[in-house]
Amino acid sequence: MSITSEKQLPQAVAAWRDPEMDSVKGTETPKDPNKGYIALLGWSVNAIKAAQKFDRRYVVVAPEWAEDFCTANNIPFISWDFIRLNDRSIEIAQRLKAEGVDVAIPLFEETVEWSGAINSVLMDSPRMYGQSILFRDKALMKRRAQLGGIRVGIFEEAHEKEDIVRFMKRVNQTLLKLDGDPDDPIHVKAFDKAGCLGHRMIRTIEEIDNIPDEEYPLLMESHLSGWEFAVEAWIHDGKIQFLNISEYVTLGYSVFVPATAELESWRNAITKQIELLIKTFDIQFGLIHPEYFVTADGEMYFGEVAYRPPGFKAFELIERAYGFNAYQASMLVFDPKSTKEEVAAFFPKEVVDAKGYAGCFGVYPRRRVVSKLEMPPECVDHPYFESHELVAPAEETVPDRSAFGTHWGLVFFFGDDPIKMRDLLKAQEDLDFYV
């Protein structure tokens, strides 16, 4: 690809230029025409940087607002509005096929369905679109899991407040709750949003009134009391090539990799569950990010599965711990032209090849009014502290958190002891980062 000099660019576009990018410096890894041509659906600068250091051709398919950045940094780009869904939607698949693209990789939740539709055209496999719907619709996902013999909790769809009231009463009746006993909580989740977005734990009937009408329809689930964890599994030719277990310290706040020896002792059982998931959802390639619960009696319950990179910078944590680039790993297993030998040579050995433990903490302001960012010494003075991406507050009044809310930024740690890491991440919950 030819390199555009900064002088050739309009000033407004040149302002986006990153002199450290390989595509700007002219140090991008040469692309092998015999390997796959990949479309990255969505926006991730880290994924783009990984693609520039990898030997596959790539093109970024992202909304129009990304065009100036891509132009300024010599990044191959196609503009596409993922929100627009109409009779012209087939155009992006046809354009990518004409371009010679072999596969489309989703970078965030809202592009999973698009990747399925596009890949069904690129690979002449109509089933891939239907499969992508299963990864997007949490109710369909749970039903498919049940059909495959995978354990799930009780779940139903809610279209209005009364549906949630009935579900909560029925769950607690099933649990033989008596008058005066506290209700067992239930969870409500958006059908098709990522992670904690739209996720609420409902403990009382009165809390149901706090759910805005625009959040319906919702998925309702019974509460599973157990140890929740996540998995990142790279799959090629229907088989697991690398399986990472991410240990949650507090859901929505903190995670680290690899997991403690206690959670890693479940690896064989977890691997069998992932193999069952692969069979049930007929997954031949790609990266999956399922979540599970282990209950006190040792039973494992399926929570949900995503077909895209996880949140909380899990890919970056895996790279910090193991040294391989998780975005490149995804490009490798998605590429239909990758060989078994190439895939096998790419991945290290789980746990034993890790250089240490990498964790991160999502910061939520604990005060209603804040004026500045002030990193607590208990955080930055700890030997495991590495970096943070927090910024000064844009306004003094902290907005009310909707459901689980969205963190204000992440703090990153790295060390050699998983128990110290777990305790350190838990301790961050009691600190004020915004004062």
Side-chain angles (χ1 to χ4, degrees), residues 1 4 9-10 12-18 21 23 36-52 56-123 125-126 128-138 140 190-195 197-198 212 214-217 286-287 289 306-311 327 330-331 334 402 406:
M1 189 175 71
T4 304
L9 297 170
V13 176
W16 290 103
R17 201 169 185 86
D18 180 353
M21 271 206 164
S23 52
Y37 184 3
I38 291 162
L40 300 176
L41 301 189
W43 185 251
S44 166
V45 173
N46 284 351
I48 294 169
K49 289 180 177 179
Q52 293 185 355
R56 267 76 174 169
R57 291 169 293 161
Y58 76 98
V59 60
V60 174
V61 181
E64 187 179 1
W65 48 255
E67 185 166 5
D68 284 354
F69 182 92
C70 291
T71 301
N73 293 289
N74 303 307
I75 296 166
F77 173 78
I78 294 175
S79 176
W80 190 256
D81 180 4
F82 293 109
I83 296 174
R84 187 188 72 181
L85 189 64
N86 56 29
D87 56 3
R88 292 182 56 202
S89 297
I90 188 67
E91 287 181 10
I92 187 61
Q94 293 171 334
R95 182 172 176 185
L96 291 173
K97 188 167 188 176
E99 180 83 9
V101 169
D102 295 294
V103 68
I105 301 178
L107 294 181
F108 55 83
E109 185 68 24
E110 288 74 13
T111 62
V112 169
E113 207 168 323
W114 283 97
S115 72
I118 291 168
N119 287 332
S120 68
V121 174
L122 297 181
M123 299 181 178
S125 176
M128 295 196 71
Y129 177 61
Q131 184 190 53
S132 71
I133 300 296
L134 294 177
F135 290 126
R136 288 282 284 138
D137 186 310
K138 289 185 172 68
L140 286 176
F191 272 143
D192 57 2
K193 289 183 180 177
L197 292 175
E214 60 267 21
E215 290 195 14
Y216 291 91
L287 172 279
H289 166 59
Y307 196 64
R308 42 82 186 155
Y327 292 104
S330 294
M331 296 173 205
F334 267 95
S402 172
T406 303

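Here the structure is a predicted model, which means the values were calculated and not measured. We number each residue from 1, following the sequence as shown.
- For P217, the side chain to side chain contact (heavy atoms under 4.5 Å, CB included) partners at least two apart in sequence or on another chain are H159, F191.
- Screening residues 89-108 for ring-ring contact (aromatic ring centres under 6.0 Å, His included) gives no qualifying pairs among residues at least two apart or on separate chains.
- In this structure, the side chain of D137 does not engage the main chain of I133 through any donor-acceptor pair within 3.5 Å.
- Remark: Q52 engages S23, Y58 in a side chain to side chain donor-acceptor pair (under 3.5 Å) (not counting sequence neighbours).
- Side-chain contact between L41 and L107 is absent, with no heavy-atom pair separated by less than 4.5 Å.
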Give the C-alpha distance, both sets of side-chain angles, the deciding distance and a yes or no for side chain to side chain contact (heavy atoms under 4.5 Å, CB included) between M128 and V121. CA-CA 9 Å; M128 295 196 71; V121 174; over 6 Å; no
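- Taking the side chain as every heavy atom from C-beta outward, I92 and W114 approach each other to under 4.5 Å.
- Under the side chain to side chain donor-acceptor pair (under 3.5 Å) criterion, R57 pairs with no residue at all, not counting sequence neighbours.
- At least one side-chain heavy atom of F334 sits less than 4.5 Å from a side-chain heavy atom of P106.
- Partners of A306 according to the side chain to side chain contact (heavy atoms under 4.5 Å, CB included) rule, which considers only residues two or more places apart in sequence or in another chain, are E109, H289, R308.
- W43 CH2: more than 12 foreign heavy atoms inside a 6.0 Å radius.
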Pair F69-I75, side chain to side chain contact (heavy atoms under 4.5 Å, CB included): steps then yes or no: CA-CA 8 Å; F69 182 92; I75 296 166; 3.8 Å; yes
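- Contact check for V59 versus L40: no side-chain heavy atoms found under the 4.5 Å cut-off.
- Considering every non-hydrogen atom in both S120 and Y129, the closest pair reads CB-N, 4.1 Å.
- Note that CD of Q131 and CG of N119 are 10.0 Å apart. Values are rounded to the nearest 0.5 Å.
- Applying the side chain to side chain donor-acceptor pair (under 3.5 Å) rule to Y327 yields the partners E316; only residues at least two apart in sequence or on another chain are considered.
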Start with the C-alpha distance between E113 and I118, add both sets of side-chain angles, then the distance that settles side chain to side chain contact (heavy atoms under 4.5 Å, CB included), and finish with yes or no. CA-CA 9 Å; E113 207 168 323; I118 291 168; over 6 Å; no
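- Contact detail for F77 and A62: the closest heavy-atom pair is CZ-O, 3.5 Å.
- Looking at V61 and F82, their side chains come closer than 4.5 Å, going by heavy atoms from C-beta outward.
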Show which side-chain atoms of residues 93-105 pair as donor or acceptor with protein atoms under 3.5 Å away, not counting sequence neighbours.
unit_1	atom_1	unit_2	atom_2	d
E99	OE2	Y37	OH	3.0
D102	OD2	Y37	N	2.8

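- For residues 71-90, the set of pairs meeting the salt bridge (Lys or Arg N to Asp or Glu O under 4.0 Å) definition, not counting sequence neighbours, comprises R88-E91.
- Contacts of S330 classified as side chain to side chain donor-acceptor pair (under 3.5 Å), with partners at least two apart in sequence or in another chain: W234.
- Pairs passing the ring-ring contact (aromatic ring centres under 6.0 Å, His included) check and including a residue from residues 84-105, sequence neighbours excluded, do not occur.
- Residue pairs meeting the salt bridge (Lys or Arg N to Asp or Glu O under 4.0 Å) criterion with at least one member in residues 63-78, sequence neighbours excluded, do not occur.
- Judged by distance alone, with hydrogens and angles left aside, the side-chain atoms of R17 form a donor-acceptor pair with the main-chain N or O of A72 at under 3.5 Å.
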